Amino acid sequence: MAGSFANYIENKILDHLFGCGVRNYTPPVNIFIALSTAAINEDGTGLAEPVGNGYARVSTSGASWSVAALGAVSNSAEIVSPEATGAWGMITHFALMDAATAGNVIAYGTLVVSKQVTSGDTLKFIAGDLDVTLD
């Protein structure tokens, strides 16, 4: 599942590299995996996370990701969602967020295989499943 950077982080990187705009960006300590039942746009709109039923974003740390190579990173450890206590709907997309709730979309992508999440299910990304590239 390949993901692309969202406008938010692209602008932060460009401002930092070229010394313009606001240069006080501090990367988040943790990146949170959000699940979505709808397509996510490059400007971060469209994110439709499940509500209730045990849903929560999954926190990852730097140790959860590979070192960048050839303009890409991927999850180096398995990432597992909490167990659903009710229906979450058809999960079709993911987003990498800078906060456990609300926050900014850092990157986003489409799942290769959508998953209908019902009570008792978890959604699992094995190591290497989530790839994020600079586009």
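Worth saying up front: this structure is predicted, and the values here are computed from it rather than measured. Along the sequence shown, the residues carry numbers beginning at 1.
- Rounded to the nearest 0.5 Å, atoms CG (Leu111) and CD1 (Ile91) are 8.0 Å apart.
- The backbone N or O of Ser114 lies less than 3.5 Å from no partner atom in the side chain of Thr92, so there is not a single donor-acceptor pair.
- More than 12 heavy atoms of other residues, nucleotides or ligands shown are found within 6.0 angstrom of CG on Leu17.
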### Task
Step by step, work out the side-chain contact (heavy atoms from CB on, under 4.5 Å) result for Ile33 and Leu130.
CA-CA 10 Å; Ile33 311 297; Leu130 293 177; 4.0 Å; yes
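- Taking the side chain as every heavy atom from C-beta outward, Lys115 and Asp121 approach each other to under 4.5 Å.
- Note: Ser4 OG to Ile9 CD1 = 13.5 Å, rounded to the nearest 0.5 Å.
- Minimum heavy-atom separation, Ala34 to Leu47: CB-CD1, 4.4 Å.
- Following chains of ILVMFWY side-chain contacts shorter than 4.5 Å, one cannot reach Val80 starting from Tyr55, and the two form parts of different hydrophobic clusters.
- Judged purely by atom type and a 3.5 angstrom limit, Asn75 uses its side chain to pair as donor or acceptor with the backbone of Gly128.
- Cluster membership check: Leu14 shares its hydrophobic cluster with Phe5, using side-chain heavy-atom separations under 4.5 Å among Ile, Leu, Val, Met, Phe, Trp and Tyr.
- A donor-acceptor pair is defined here as one N or O able to donate and one able to accept, closer than 3.5 Å; no such pair exists between the side chain of Ser74 and the backbone of Ala127.
- A heavy-atom distance below 4.5 Å is not found between the side chains of Tyr8 and Val105.
- Between the CH2 atom in Trp65 and the CD1 atom in Ile79 there is a gap of 4.5 Å [rounded to 0.5 Å].
- Heavy atoms only, all atoms of each residue included: Ile40 and His93 are closest at CD1-CB, 4.0 Å.
- Residues Ala38 and Ala48 approach most closely at CB-CB, 3.9 Å, considering heavy atoms.
- No chain of hydrophobic side-chain contacts below 4.5 Å, direct or via other Ile, Leu, Val, Met, Phe, Trp or Tyr residues, connects Ile126 to Phe94.
- Listed for the Asp43 side chain is a donor-acceptor partner under 3.5 Å among the backbone atoms of Thr45.
- The minimum heavy-atom distance between Ser36 and Gly46, with the atom names listed, is OG-O, 4.1 Å.
- Between the side chain of Asn53 and the backbone N or O of Ala87 there is at least one donor-acceptor pair closer than 3.5 Å.
- Between the OG1 atom in Thr37 and the CD atom in Glu49 there is a gap of 9.5 Å [rounded to 0.5 Å].
- Judged purely by atom type and a 3.5 angstrom limit, Asn104 has no side-chain atom pairing as donor or acceptor with the backbone of Asp98.
- Here the shortest heavy-atom pairing between Gly52 and Trp88 reads O-NE1, 3.8 Å.
- Rounding to the nearest 0.5 Å places OG of Ser81 at 14.0 Å from CZ of Arg57.
- Two different hydrophobic clusters hold Leu35 and Val51 under the rule that ILVMFWY side chains link at heavy-atom gaps under 4.5 Å.
- The OG1 atom of Thr60 sits 5.5 Å away from the CD1 atom of Ile31 when rounded to the nearest 0.5 Å.
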